[in-house]
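This report refers to the structure that appears directly beneath it.
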Amino acid sequence: MTTRSEPAHDRSDPNLGAIMSERRQLINLAYRLLGSLADAEDAVQETYARWYTLSREEQDAIASPGAWLTKVASRICLNVLGSARARRERYVGEWLPEPLPEPAEWSGGVVDPADRVTLDESINMAFLVVLESMTPAERVVFILHDVFRYPFPEVADIVGRTPAACRQLATSARRRIRASQTPATPTTQQAGIVRDFKQAWEAKDIEALIGLLDPRATVIGDGGGLASTSSHPVESAEQIAHGLVRIAARVPDVTFLERTVNGQPGLVAQQHGAIVTVYAFGIAGGKITNIWAVRNPEKLRPWTTETQQSSR
């Protein structure tokens, strides 16, 4: 994680207000493209750095600074996605997107409000996991067109493809999304299921856990080699339930808290006052179908910040 610093610009820049007002939009775009807040912040920082390498005359010649920033940020993200594939081949264990808390729970004193990601259906963990299965070009085209509503000619200019090629990429991306979609479960019902799951886990009630899990449920853990977790997905309700009870018996001093994770009901595990795991859930037909457990401490920065701030 790099430390964000102010770009070296002239404070008298008349475009400053308009340029900096684009920051939240760029963070929202970059997080959806990269699945990592840290990488998104770096991409946006690089975008602003490129803007301020332009001369004042070059800046003034740009009709829409916001469109220019979006184009540059998207191209940076496209390059990052290409290199990320190689990095993730070397990643220890499973790789999951970085989970985010509810914006109201972020610590305003440490996390810039302009860096907060707006949460909607395009940001839940299940959606982000499907995005990870796309090629970099598919992902960028789909997010720009279907999520942020950029017309295909503009998308084509950003990714260096023809509009027709971009339409094909978006169609392929939509096919992946449709193949993974399940009927939506109301948030209140999701919250109730997650609460029942929490209580069954705390009670070490294997039968109750099995009853809450889809028979073909899957758990994926991401420790990144920095925290212990299964190196492969765990499948089937029975295996998952027995594994959860073993964890509860082995680590008895963990407190589970109900929290919003990427816009949906989730859980966090707190040990000795520190958040050590964030759990996101996929729910369909009244059963838990997926559990994504992020334990890599490098991906828990917003949550760690929240814990530190609330303990003061």
Side-chain angles (χ1 to χ4, degrees), residues 35 88 91-100 124-130 132-133 179-271 275-297 299-300 303:
R88 288 171 193 171
Y91 194 80
V92 178
E94 300 286 332
W95 190 95
L96 289 173
E98 180 181 326
L100 295 180
N124 68 57
M125 189 63 73
F127 188 86
L128 291 174
V129 168
V130 176
E132 286 297 317
S133 70
S180 69
Q181 281 181 328
T182 57
T185 301
T187 301
T188 53
Q189 185 181 352
Q190 291 184 50
I193 293 170
V194 170
R195 184 172 300 114
D196 290 344
F197 174 86
K198 168 182 175 288
Q199 292 171 352
W201 193 357
E202 290 173 332
K204 304 181 183 64
D205 189 334
I206 289 178
E207 293 304 316
L209 287 168
I210 291 175
L212 291 165
L213 293 161
D214 183 273
R216 296 172 294 179
T218 302
V219 174
I220 296 177
D222 177 348
L226 302 174
S228 61
T229 188
S230 175
S231 58
H232 301 287
V234 178
E235 300 177 340
S236 90
E238 190 166 335
Q239 285 197 53
I240 292 169
H242 282 279
L244 291 171
V245 169
R246 284 195 297 271
I247 291 172
R250 189 171 65 246
V251 192
D253 56 345
V254 171
T255 301
F256 295 101
L257 306 172
E258 297 175 35
R259 291 288 186 270
T260 298
V261 181
N262 285 67
Q264 295 189 321
L267 295 175
V268 300
Q270 198 173 60
Q271 188 174 24
I275 289 177
V276 293
T277 312
V278 173
Y279 298 93
F281 297 85
I283 296 174
K287 301 285 186 180
I288 296 171
T289 57
N290 297 89
I291 303 174
W292 295 284
V294 180
R295 288 181 48 75
N296 184 342
K299 295 185 178 183
L300 301 181
W303 304 86

Can you give me every donor-acceptor pair (side chain of residues 210-234, partner residue at least two apart or in another chain, under 3.5 Å) with its distance?
unit_1 : atom_1 : unit_2 : atom_2 : d
Asp214 : OD1    : Arg216 : N      : 2.8
Asp222 : OD1    : Tyr91  : OH     : 2.6
Asp222 : OD1    : Gly224 : N      : 3.3
Asp222 : OD2    : Tyr91  : OH     : 3.4
Asp222 : OD2    : Leu96  : N      : 2.8
Asp222 : OD2    : Lys299 : NZ     : 2.6
Ser230 : OG     : His232 : N      : 3.4
Ser230 : OG     : His232 : O      : 2.7

task = Would you check if Glu98 and Val294 make a side-chain contact, meaning some heavy-atom pair closer than 4.5 Å?
result = no
Within-4.5 Å side-chain heavy-atom neighbours: Phe281 and Leu267 = yes
task = Kindly compute the distance separating CD1 (Ile193) from CD1 (Ile288), expressed to the nearest 0.5 Å.
result = 7.0 Å
Heavy-atom closest contact ([X] atom, [Y] atom, distance):
X      : Y      : value
Val194 : Pro265 : CG2-O, 3.9 Å
Ala249 : Pro252 : O-CD, 4.0 Å
Pro99  : Val261 : CB-CG1, 4.0 Å

Show me, pair by pair, the donor-acceptor contacts under 3.5 angstrom made by side chains of residues 181-190, not counting sequence neighbours?
unit_1 : atom_1 : unit_2 : atom_2 : d
Thr185 : OG1    : Ile283 : O      : 3.4
Gln190 : NE2    : Thr185 : O      : 2.8

ask   = Which residue pairs pass the salt bridge (Lys or Arg N to Asp or Glu O under 4.0 Å) test when at least one of the two sits in residues 226-255, sequence neighbours left out?
value = none
ask   = Does any pair with a residue in residues 193-202 pass salt bridge (Lys or Arg N to Asp or Glu O under 4.0 Å), and if so which ones, sequence neighbours excluded?
value = Arg195-Glu258, Lys198-Glu202
query = Is the centre of the Tyr279 ring less than 6.0 Å from the centre of the Phe197 ring?
reply = no
By side chain to side chain contact (heavy atoms under 4.5 Å, CB included), which residues pair with [X], not counting sequence neighbours?
X      : value
Ala126 : Asn124, Trp292
Val268 : Leu257, Arg259, Ile275, Val278, Trp303
Ala208 : Ala200, Asp205
Ala248 : Trp201, Lys204

